[in-house]
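Everything numeric here is computed off the predicted structure, so don't read it as measured data.
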Amino acid sequence: MIVVSGLSMRNTQEEEPPDPQLVRLDNMLLAEGVAGPEKGGGAAAAVSAATSSGGMSPDSSLEHSDYKQKLSQIRTIYHTELEKYEQACAEFTTHVMNLLREQSRTRPVSPREIERMVAIIHRKFSSIQTQLKQSTCEAVMILRSRFLDARRKRRNFSKQATEVLNEYFYSHLSNPYPSEEAKEELAKQCGITVSQVSNWFGNKRIRYKKNISKFQEEANIYAMKTAMGATQREGSPHTPNSTGYPALQTDSIVPERAG
DNA sequence: ACGCATGATTGGGC
DNA sequence: GCCCAATCATGCGT
């Protein structure tokens, strides 16, 4: 582990309730691929973890490379600084040790005293490192929110995808709750993820029932479409019914309109 | 620039 | 774990 590799020789005595803040920072940096091994898929893993719900559109490679580039910048700075600190710490330690050695000619210097001095130095430097970690974490968080927050990268679904979803929605208007299998099928047809299908239906249901009149036209269009599909499949290619519109079922999502 | 449409997230209930 | 409701942040037409 990089963390205080050269420094943590023997700080097992006293001190150090393992600062939960520091642990959090370390974990975060590790998860983000900043503190990990040089070239592993750390960053990619972090990205996929961050987008677990929702999923990514297939064209996200551009944003990804941009994100990865910025992240590796942060990572480089982080490692450079960390190394600088470690080196400074090591230098300072040897410097102090030399001083003590010189002093040992004129007075007795116990190993215990040396250890204590070293521990003090290390604590000082590790607090600086904590600051570095903190600011690095902040930078990563900002980067993350700028690039990875899906809301910032929203793209509308394709016309065709919306078509498919709407077709299902309006043809199941009395119970617009697709099963898991149905969702998977729709996802495949639309080229989106299952969670995106779920999101879409969640949004659609709530927005439909919130303002039915606004969706009436759309409902008619899709109802007609599916009706035509059905009659065509049954082999009778003339108009569905006398009214021109198949009967719509605008019930069930909205239980009742109590005045 | 503004407003509405739309996909994603959050928080609360079951 | 899914749903609803509210909310966020962006897309897009004006």
Hphob cluster co-occupancy, A:M97 + A:F125, side-chain heavy atoms under 4.5 angstrom: yes

Within one Ile-Leu-Val-Met-Phe-Trp-Tyr cluster: A:I128 and A:V34, side-chain cutoff 4.5 Å: yes

Rounded interatomic separation in angstrom, taking [atom1] from [X] and [atom2] from [N]:
| X | N | atom1 | atom2 | result |
| --- | --- | --- | --- | --- |
| A:F157 | C:dC12 | CZ | P | 13 Å |
| A:R155 | B:dG7 | CZ | C1' | 12 Å |
| A:N199 | C:dC8 | CG | P | 17 Å |
| A:I192 | B:dG7 | CD1 | P | 8 Å |
| A:R207 | B:dT6 | CZ | P | 8 Å |
| A:Q196 | C:dT10 | CD | C1' | 15 Å |
| A:K204 | C:dA6 | NZ | C1' | 19 Å |
| A:N203 | C:dA9 | CG | C1' | 13 Å |

Which residues pass the ring pair (Phe, Tyr, Trp, His ring centres under 6.0 Å) test with A:F157, sequence neighbours left out? none

Set out, in order, the CA-CA distance, both residues' side-chain angles and the distance that settles ring-ring contact (aromatic ring centres under 6.0 Å, His included) for A:F215 and A:Y170, then state yes or no. CA-CA 10 Å; A:F215 289 92; A:Y170 287 111; 7.3 Å; no

Quick check: A:Y222 with A:F169 (ring centres under 6.0 Å apart)? no

Decide, yes or no, whether a salt bridge links A:K84 with A:E81 under the criterion of side-chain N to carboxylate O below 4.0 Å. yes

How far apart are the C-alpha atoms of A:Q189 and A:E185, what are their side-chain angles, what is the distance that settles it, and do they pass the side-chain hydrogen bond (donor to acceptor under 3.5 Å, both in side chains) test? CA-CA 6 Å; A:Q189 284 181 41; A:E185 178 61 29; 3.2 Å; yes

Does the side chain of A:K209 get closer than 4.0 angstrom to OP1 or OP2 of C:dC4 through an N or O atom? no

Could you run down the sub-3.5 Å N/O contacts of the protein with nucleotides 1-3 of chain C?
residue : atom : partner : partner atom : Å
C:dC3   : OP2  : A:K183  : NZ           : 3.4

As a test of reading the structure: which of B:dG7, C:dA5, C:dA6 is closest to the side chain of A:K210, going by heavy atoms? C:dA6

Between A:H95 and A:E91 (side chain of the first, backbone of the second, donor and acceptor by atom type, cut-off under 3.5 Å), is there such a pair? no

Passing candidate, side-chain hydrogen bond (donor to acceptor under 3.5 Å, both in side chains) with A:Q103, options A:R105, A:R101, A:R107: A:R107

Could you write out each protein N or O paired with an N or O of nucleotides 2-5 of chain B at a distance under 3.5 Å?
residue : atom : partner : partner atom : Å
B:dA5   : OP2  : A:K214  : NZ           : 3.4

